[in-house]
Amino acid sequence: MASMSFALNRFSGLSSKTTLSADFDPSTRRSFLPPTRVGLKISSAAESEPDLSVTVNGLKMPNPFVIGSGPPGTNYTVMKRAFDEGWGAVIAKTVSLDADKVINVTPRYARLRTGSNGSAKTDVIGWQNIELISDRPLETMLKEFERLKKEYPDRILIASIMEEYNKTAWEELIDRVEQTGVDALEINFSCPHGMPERRMGAAVGQDCALLDEVCGWINAKATVPVWAKMTPNITDITEPARVSLKSGCEGISAINTIMSVMGIDMKTLRPEPCVEGYSTPGGYSYKAVRPIALAKVMNIAKMMRSEFSENHSLSGIGGVETGYDAAEFILLGSNTVQVCTGVMMHGYGHVKTLCAELQDFMKQHNFSTIEEFRGHSLQYFTTHTDLVKRQKEAVEQRKAEKRGLKSDKDWTGDGFVKETESMVSN
């Protein structure tokens with residue numbers, strides 16, 4: 001069993017509103033230092049390059065860019081490549097106890113372009129997959145996790161796991177995965193397609209009562225930080241996020257892919273991706289989903305700040321292609337930013353561009369660390385009613401200023417002409 005030792009208990013900073021399930025025993029979990037929060041401040045221009053390093057739930061990463069669970073984390077070779085290229089952390093493709101039940105099809109991807117139906121010369125803005133979780137034997141994946149941790153002991157490897165509605169199965173999976181030395185677990189409560197009849201993935205994430213029960217099992221067993229990955233295919237994403245945190249999870253990952261039908265081929269009249277003439281709805285990702293993801297992350301972040309301690313973390317996901325995209329997620333409260341489809345489009349070396357662009361953004365605003373601006377833009381979100389009130393007050397203020405001086409004592413010699421003009425009606 002892997003172990004880490006930190007001075008503070010992981011749960012010492014839980015807010016009074018945070019409650020744990022009856023089966024949850026925090027004394028069995030490892031202790032971690034909470035991420036440090038500082039106020040927004042302006043750094044000296046004479047300082048060195050902005051520092052991209054982050055510490056999340058006690059996990060130290062050289063930068064906030066994390067390989068999202070999926071094809072970029074399918075095996076030892078590609079995960080090793082991710083570490084070598086400099087990614088802050090890697091989340092492996094989701095595993096379960098019985099890989100024999102996982103049968104993928106080909107083709108399983110489809111692209112949405114900016115041009116008309118079938119155009120192959122325009123930019124790709126959306127990506128759909130009907131891919132399932134890892135179809136490799138669990139024992140094989142576990143050996144590769146262990147090998148990666150031995151070769152990269154200081155790098156963060158996170159296992160994504162998913163199981164059926166079975167407490168014993170979840171406990172066995174957690175125990176076996178943790179023995180490899182992985183640094184954290186991300187729980188897939190959000191895969192939008194495949195095996196819902198087994199109460200897996202989004203079938204759990206969309207049912208808060210079921211989610212609460214399963215999170216209780218997981219957090220009673222796990223000894224490493226647990227992130228719950230949220231489905232966007234729900235009316236109010238803050239509800240399952242709240243349940244997950246109250247049940248003991250340290251972090252939230254959001255969002256997973258959006259349930260979608262990519263389109264119909266205008267020549268064959270068949271849906272895409274087309275497998276032997278047929279298809280099934282799948283998960284939508286890449287650039288086109290970013291506005292939706294930002295809204296979901298903003299809602300979760302505001303809920304977390306109002307109801308939970310800062311020991312909890314948020315990993316933003318959805319359409320990140322540039323370092324500036326990542327900055328938006330961080331400005332809305334994300335501690336880390338996950339990239340999956342972007343890696344499939346640009347390769348593992350793209351992390352260097354992401355880091356350079358994020359540092360460029362930080363230089364423009366004189367930020368020296370990620371924490372200096374994390375969550376800064378949340379303060380500017382309000383209700384439509386409040387927007388109306390604010391605008392009315394601003395208009396009245398501008399009118400008052402235009403009406404000019406209120407008293408003879410306000411006249412000045414230097415601004416006499418302008419002051420006179422300010423009181424002319426036409």
Side-chain angles (χ1 to χ4, degrees), residues 1-4 28-30 59 66-84 87 89-106 108 129-191 193-201 203-204 214 217-229 253 256 340 343 348:
M1 182 76 68
S3 62
M4 301 174 69
T28 65
R29 302 283 282 274
R30 301 180 194 170
L59 308 176
V66 178
I67 291 286
S69 180
T74 53
N75 60 51
Y76 164 83
T77 301
V78 297
M79 289 187 280
K80 171 181 168 60
R81 177 65 180 274
F83 282 140
D84 289 341
W87 288 85
V90 173
I91 302 178
K93 193 173 184 181
T94 304
V95 297
S96 63
L97 289 176
D98 189 357
D100 291 338
K101 296 179 181 179
V102 181
I103 303 175
N104 278 301
V105 294
T106 301
R108 52 181 175 265
N129 83 87
I130 55 172
E131 185 164 298
L132 302 179
I133 63 175
S134 178
D135 56 11
R136 305 178 71 215
L138 176 62
E139 193 58 41
T140 299
M141 291 292 285
L142 296 180
K143 289 179 180 178
E144 294 183 356
F145 292 167
E146 188 171 8
R147 181 180 178 186
L148 283 165
K149 284 306 301 178
K150 286 181 178 179
E151 295 179 6
Y152 299 89
D154 60 337
R155 304 301 294 278
I156 302 303
L157 176 63
I158 301 173
S160 173
I161 62 175
M162 184 168 75
E163 251 311 319
E164 298 184 30
Y165 178 65
N166 183 306
K167 181 180 180 181
T168 301
W170 274 107
E171 290 176 340
E172 179 185 349
L173 180 60
I174 291 168
D175 184 54
R176 293 178 67 182
V177 169
E178 283 196 356
Q179 289 186 45
T180 67
V182 296
D183 300 284
L185 301 174
E186 183 180 78
I187 314 301
N188 188 338
F189 290 134
S190 49
C191 183
H193 52 270
M195 300 179 287
E197 68 282 357
R198 294 168 58 191
R199 304 176 87 175
M200 300 176 75
V204 179
V214 175
W217 299 342
I218 293 168
N219 289 303
K221 181 66 176 178
T223 66
V224 296
V226 174
W227 297 357
K229 190 170 184 178
S253 299
N256 205 327
C340 183
V343 180
Y348 292 91

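The figures here come from the full heavy-atom set of this structure, side chains too, leaving out hydrogens, waters and symmetry mates. Quick caveat: nothing in here was measured; it's all calculated off a predicted structure.
Val214 has its side chain within reach of Tyr165: a pair of non-hydrogen atoms, C-beta onward, lies under 4.5 Å apart. Counting only heavy atoms from C-beta outward, the side chains of Phe83 and Leu157 approach each other to under 4.5 Å. In this structure the side chain of Glu146 never reaches within 4.5 angstrom of the side chain of Gln179, judged on heavy atoms. Proximity of Ile130 to Arg108: side-chain heavy atoms (C-beta onward) are separated by under 4.5 Å at one or more points.
For the residue pair Cys191 and Asn256, the shortest heavy atom distance occurs at N-ND2, 3.6 Å. The two residues Ser134 and Val95 have their closest heavy-atom pair at CB-CG1, 4.3 Å. The minimum heavy-atom distance between Ser96 and Leu138, with the atom names listed, is O-CB, 3.7 Å. Across Asn104 and Leu132, no two heavy atoms sit closer than the pair OD1-N, 2.8 Å. Shortest non-hydrogen contact noted between Val177 and Leu185 is CG1-CD2, 3.8 Å. Nearest approach of Val78 to Pro72, heavy atoms of both residues: CG2-O, 3.5 Å.
Not counting sequence neighbours, the partners of Glu144 by the side chain to side chain contact (heavy atoms under 4.5 Å, CB included) test are Asn75, Tyr76, Arg136, Thr140, Met141. With sequence neighbours left out, the side chain to side chain donor-acceptor pair (under 3.5 Å) criterion links Tyr152 to Lys80, Asp84. Every side chain to side chain contact (heavy atoms under 4.5 Å, CB included) that Ala82 has, sequence neighbours left out, goes to Ile67, Trp87, Val90, Tyr348.
With values rounded to the nearest 0.5 angstrom, Ile103 atom CD1 is found 11.5 Å from Lys101 atom NZ. With values rounded to the nearest 0.5 angstrom, Leu148 atom CG is found 8.5 Å from Phe145 atom CZ. We find the CG-CD1 distance between Asn188 and Ile133 to be 7.5 Å, quoted to the nearest 0.5 Å. Going from atom CZ of Arg176 over to atom CG of Leu142 covers 6.0 Å, rounded to the nearest 0.5 Å. Within the model, atoms CG of Leu59 and CZ of Arg155 stand 13.0 Å from one another, a figure rounded to the nearest 0.5 Å. One finds the CD atom of Glu163 at 11.5 Å from the OG1 atom of Thr94 (value rounded to the nearest 0.5 Å).
With Ser190 contributing its side chain and Lys229 its backbone, the two residues share a donor-acceptor pair below 3.5 Å. A donor-acceptor pair is defined here as one N or O able to donate and one able to accept, closer than 3.5 Å; no such pair exists between the side chain of Lys93 and the backbone of Gly68. A donor-acceptor pair under 3.5 Å is absent between the side-chain atoms of Trp170 and the main chain of Met162, judged by distance alone.
In this structure, Lys149 pairs ionically with Asp183, as a charged nitrogen and a carboxylate oxygen lie closer than 4.0 Å. With respect to Lys221 and Glu171, no salt bridge is recorded, no charged nitrogen being found less than 4.0 Å from a carboxylate O.
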Could you check Ser69 against Glu186 for side chain to side chain donor-acceptor pair (under 3.5 Å), going step by step and ending with a plain yes or no?
-> CA-CA 9 Å; Ser69 180; Glu186 183 180 78; 4.9 Å; no
